[in-house]
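The basis for the numbers below is simple: all heavy atoms, side chains too, and nothing from hydrogens, waters or symmetry mates. This structure is a prediction, so every number in the text was calculated from the model and none was measured. Residue numbers begin at 1 in each chain, while the letters A, B, ... track the order of the sequences.
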2 protein chains.
Amino acid sequence: MKRLRQLSIVLAVAGLVVATATSTASTQSTSTGFIKEFGTMWTFDAPPLDYWQATYGFRPDQAWLDHVRLASVRLPGCSSSFVSQYGLVMTNHHCARGCISANSTPDSSYQETGFVARTLEQEKRCNGMYVDQLQSIEDVTARIRQAVTATDPAGQVEQRNAAIQAVRQECQNATGLNCQVVSFYQGGMYGLYRYKRFDDVRLVMAPEGQAAFFGGDPDNFTYPRYDFDLTLLRVYENGQPRATDHYFPFSENGAAEGELVFITGNPGSTGRLLTVAQMEYLRDVVYPAQLAGYERQLEIVRYLSSQSEEARRQYENQIFGIENSKKAVTGYYNGLRDPERMARKRAFEQDFRGRIDRDPQLRRRYGGAWDAIANAQQELASFAPQARWYGFGGSQLLGMAGAIVRGNVSGRARGQILRDQPIDRDVEIMGLTAQLEAAKAELPHDDPFIRAVLGTREPKAVAETLVNGTRLGELSVRQALLDGGATAVARSQDPMIVVARAIAPLAEQVAARAEPLQTTISANAELVGQAIFAAYGKALPPDATFTLRITDGVVKRYAMNGTYAPYKTTLYGLYARSEEFDHQAPWQLAPRWRERMGLVDMTTPINFVSTNDIIGGNSGSPVINKNAEVVGLVFDGNIEMLPNRFLFDDTVSRTVSVHSSGLLEGLRKIYDATRIADELAAARR
Amino acid sequence: MKRLRQLSIVLAVAGLVVATATSTASTQSTSTGFIKEFGTMWTFDAPPLDYWQATYGFRPDQAWLDHVRLASVRLPGCSSSFVSQYGLVMTNHHCARGCISANSTPDSSYQETGFVARTLEQEKRCNGMYVDQLQSIEDVTARIRQAVTATDPAGQVEQRNAAIQAVRQECQNATGLNCQVVSFYQGGMYGLYRYKRFDDVRLVMAPEGQAAFFGGDPDNFTYPRYDFDLTLLRVYENGQPRATDHYFPFSENGAAEGELVFITGNPGSTGRLLTVAQMEYLRDVVYPAQLAGYERQLEIVRYLSSQSEEARRQYENQIFGIENSKKAVTGYYNGLRDPERMARKRAFEQDFRGRIDRDPQLRRRYGGAWDAIANAQQELASFAPQARWYGFGGSQLLGMAGAIVRGNVSGRARGQILRDQPIDRDVEIMGLTAQLEAAKAELPHDDPFIRAVLGTREPKAVAETLVNGTRLGELSVRQALLDGGATAVARSQDPMIVVARAIAPLAEQVAARAEPLQTTISANAELVGQAIFAAYGKALPPDATFTLRITDGVVKRYAMNGTYAPYKTTLYGLYARSEEFDHQAPWQLAPRWRERMGLVDMTTPINFVSTNDIIGGNSGSPVINKNAEVVGLVFDGNIEMLPNRFLFDDTVSRTVSVHSSGLLEGLRKIYDATRIADELAAARR
């Protein structure tokens, strides 16, 4: 009793918000309505009605939920929604880039110029593109679970996969729908998702890439923003626009500050169910190494870029790309290093384990999972440097040598080796030197890898000898080695092959040591997932699975850099930011936006922020109000949102969306897309 | 030799940039040109010509330096400059607030409406305002030092003060100028500064407070900004505008990104010469307590503010004010907590002490100063909680009781006690409770203060008893106690007086314990100052002393929140920011700016940033280019600049200035100040 009380004090202190919703979930579940760090990516079969009622005084009925579900549709890798009764689909520019490029001609690049279909006839087919509409969800956990009777992990996996495949096939046969079995809570629950798939999708309107991605990589993941990140598609059936009642009309004015908004869409992946030990491993082992890797890459590419103006142009995008990855990983990493967030996570895990330990049956089944994971992580950490460096990284030539030595090269890997590609020896030497220096710094002096590759020599000397001595840069040499098979490889005296032969067994050993630990971690993570579901029911939203979710939030400014970031930006701000960088890339204006600046109402909102919980995969999601009207179009999160991957917190993290009024103003005044703007306006009823 | 080499490696690693300028300074000085963390607040008698030449390829001659010095003039608490040949002086709005208010009438508040003199005759006298122009600097260190022959600290202070006074008086008599002796390097050097004082100063133009301080307290210390923080004054002599050749004409277009700019002005106070021990004391003892104090205040004021809409309005400014102080101190604090900056400081101190220790004479004179300071700081830290809490804080009533009990109340303190003021008992109880709770949390259980004030009772109960029981809220009671003197105080049974009588001796004891330690610290800080001057000569700029400095820098964007803050903002941005907060305070537009938005060129730059080294006192400083033309008007630093108080770093810290083009556009288009704009344009020659 005392322990319980202490726990709840810890939870209260740690800021775990426990709503007072009445429990209706499984017996193990409690009155928990909302635990902040799990976020708000709710599934449509478990909408948190009591929590919404308590928080916003809003309790949608089933008809509202069904309507919203059917109006929200999925694209490959993205989200979208129907926005007119004639099958018009709204998504982000980058979600339809393939279609935009495929329809461009040598004379007109729609990526450069944008595209507006003036008539239905001008709408252009997007080959390979499809739209999935979620028809229904069924909990098939029991059926999958029953099918698993084996006691060995491999047998279990096989049985489970077979059961999943059977459920899926049966569903497809019975309904003709596109059926998918999705694992939630790391295997704690299985849901059968039935989609109607539309595969006649056409391009209706896309702005210039520069308008959609104004501010480019530097502004990516940040706010204030000014992006017109829109593509409009249309779903056809039998050669005609698909008529539907389930669509979101555009709101008259968009959302005011403080207003409740929902976002529907398909968040791709989060790690909020990870145990503390898993998070610590990411924090202490994985991310620091990844960030150091980016730094090594950047140092090389920046050096190359500094060699000439031409080189600067050549490497500019690569530098931005690496910096962008670094920005994202730095965000995740900082979240895991935030003591407050981690304290909340620890408090939660303590509560969670307490719930499991107090029930003998649950304890027997799940109680050991956390320690099993922690032990495996600890052992993985003990040889993480070896796992990191025993390999063929840092050099293209060494990479190819590694693949050749390991044998069985086929498919894409074979194609890459047999592609005639220019090798820049300077880049190779620089990359390999950096790789070997980093390995030397992290591995013990007498490590077998160091002994085998470096001996007593310096990394730079070794890299020069290898790169200058190898003939693997010649396609014919590579071809001969592949053709000659194991015998040729074993006989080769090429220095790069020789060193790869020395590395290969070390890499194999370390991989063999890691594999069972990884298996232990996945198996026990699945138990934790089952346990969480057993302890809290559906009260906690499962990790993102690229299935349809609905997240609640509020349009809201936030504290930034000593002051506030406003809840919205305006066209004034777009023109300001371009001017303030003297129109330099990536802040130059698309020509149409420059030419027509006199025509637009500068006070029109262009982007805005809200506290909803999104992640990659939500691109193109609609932002809707209580009346299920479009107030915005999600296209990014601010940089403060990156830590939410593992531990959600909405104090300063924000979803960034294009504002509905900005969309309409742009369509009418910049793109003369009267037909489409009228269609959206008519949809308003 | 080895030690020296290691040191220079440490310095190189720690990022101490040592320029290769040829040494021309004293024998102890080295070739050091620029050590980053000391910043760039150069004095006019030691301009770093070699460093400027090496860094920018710019080496101004003496005429340039003299001209710039004479065009830069000092106001009480601020900086300014001549900007026309007719004595027009440019400074910040907040630097002339007194004059703006004093000239307002009940019918027209110039703070609200702004003020433009359409003719010379309309220019309004600023009573009490003066302008000081620096005529010459003389090193009087030897003379001051010679006068100090006593061996006891008190005698030394007296002799030094007398010598300073004599030098000053002699100068005034000889020249008729306003002479000041300024101590640099904490007493390492004494400079005689001779100023020509102009005391007929008139108000020419001031914008509305809302235009000058757009964004208010939230945007204060931040960037991007959009403030028209200008006041124009005019210096008169014999009733006529003072003619001068030494003024800065306005540049045609302002500064481009990457351009070298100088700022002249009078930075008030920095602490870059503090020893590591002094900085650590600030970091570990002073600032955490100060920040906790702000939090206590905020909690109370926020509570009061939440009581009604009227209360919200009443306390709004107070909350902003406290938050602003908290913002500033948080900035200083974070600088001291930055491991990289502190590592550089430590590396510097190691080098510095090495230079002293290697010279037997210097070692004898200065070698012990650092440890003496460190020991005193350590002892101060050992009773810091007592020093912090033994006193009369948290309550106005207790404060008055303390003053009455301590006796000898005169002057302003007496006036405050004898002012009839309403006492809000709720506020008093809240404040005193918070104070006593904080004291209780930090002091040991059996601490004499806790025993005397609380005993076994809870802080809240004690506060209630004291506040509800005292009659000190009545003016007549306070009057009687002051009139009755020590006898009346000793006899009083008023509970607040009783408790103040118990606290007073404790407060005295702790003050008596601290005093010699503080004296030790100042005396040794002076030695450190002499030592730094002995070791590095004038190569390192002295700490800010509210005397004229010139700082070099570059107009430059910086990394902010995942992307870049642009080097300039524009009028587009001003209108954007107002719109983006729905014109809510403090982002509403002054009426004139709203009404005339159609008239201005929105692309005009309004504010911009540069890497120059400034601090409070630099308000109103001109930003000039190599041709000594005005490109801007300093009014703030960004939030990243706050840590520069102790350890300068210009990676992301920036000075924020009004852009010269924005000033001219505003004068012409918003204020119809044609006469003044023409005068500035004519000044361009």
Asker: Relative to chain A, which of B:L571, B:T603, B:T330, B:L574 shows the most heavy atom pairs under 4.5 Å?
Answerer: B:T603
Asker: A:K568 versus chain B, heavy atoms under 4.5 Å apart: side chain, backbone, both or neither?
Answerer: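 Its backbone and side chain both get close to chain B.
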Asker: Between B:D219 and A:T563, what is the shortest heavy-atom contact and its length?
Answerer: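 The answer is OD1-OG1, 2.5 Å.
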Asker: Among residues 579-596 of chain B, which ones touch chain A with a heavy-atom distance under 4.5 Å?
Answerer: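 The list, in residue order, reads B:E579, B:E580, B:F581, B:D582, B:Q584, B:W587.
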Asker: Using non-hydrogen atoms only, which part of B:Y564 is less than 4.5 Å away from chain A: side chain, backbone, both, or neither?
Answerer: both
Asker: Report yes if some heavy atom in the side chain of B:T222 is under 4.5 Å from a heavy atom in the side chain of A:M560; otherwise report no.
Answerer: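 Not in contact.
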Asker: Under the ring pair (Phe, Tyr, Trp, His ring centres under 6.0 Å) test, which residues partner B:H659, sequence neighbours left out?
Answerer: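 For B:H659 the ring pair (Phe, Tyr, Trp, His ring centres under 6.0 Å) partners, ignoring immediate neighbours, are B:F608.
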Asker: Check each atom of A:A256 against the heavy atoms of chain B and say whether the ones under 4.5 Å are side chain, backbone, both or neither.
Answerer: neither
Asker: Looking at B:I639, B:T570, B:D217, which one has more heavy-atom pairs under 4.5 Å with chain A than the rest?
Answerer: B:T570
Asker: Quick check on B:E295: does its CD atom have over 12 non-hydrogen neighbours (other residues, nucleotides or ligands) under 6.0 Å away?
Answerer: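 More than 12 within 6.0 Å, yes.
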Asker: Using a 4.5 angstrom heavy-atom cutoff, name the option from B:P566, B:A565, B:G331 with the most pairs to chain A.
Answerer: B:P566
Asker: Hey, which of A:Y567, A:Y572, A:Y575 has the most heavy atom pairs under 4.5 Å with chain B?
Answerer: A:Y572
Asker: If you compare all heavy atoms of B:G573 against all heavy atoms of A:A576, which two are closest, and at what distance to 0.1 Å?
Answerer: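 Looks like N-CB, 3.4 Å.
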Asker: Given that the side chain runs from C-beta out, which part of B:E323 has a heavy atom under 4.5 Å from chain A: side chain, backbone, both or neither?
Answerer: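 Nothing of B:E323, per the 4.5 Å heavy-atom cut-off to chain A.
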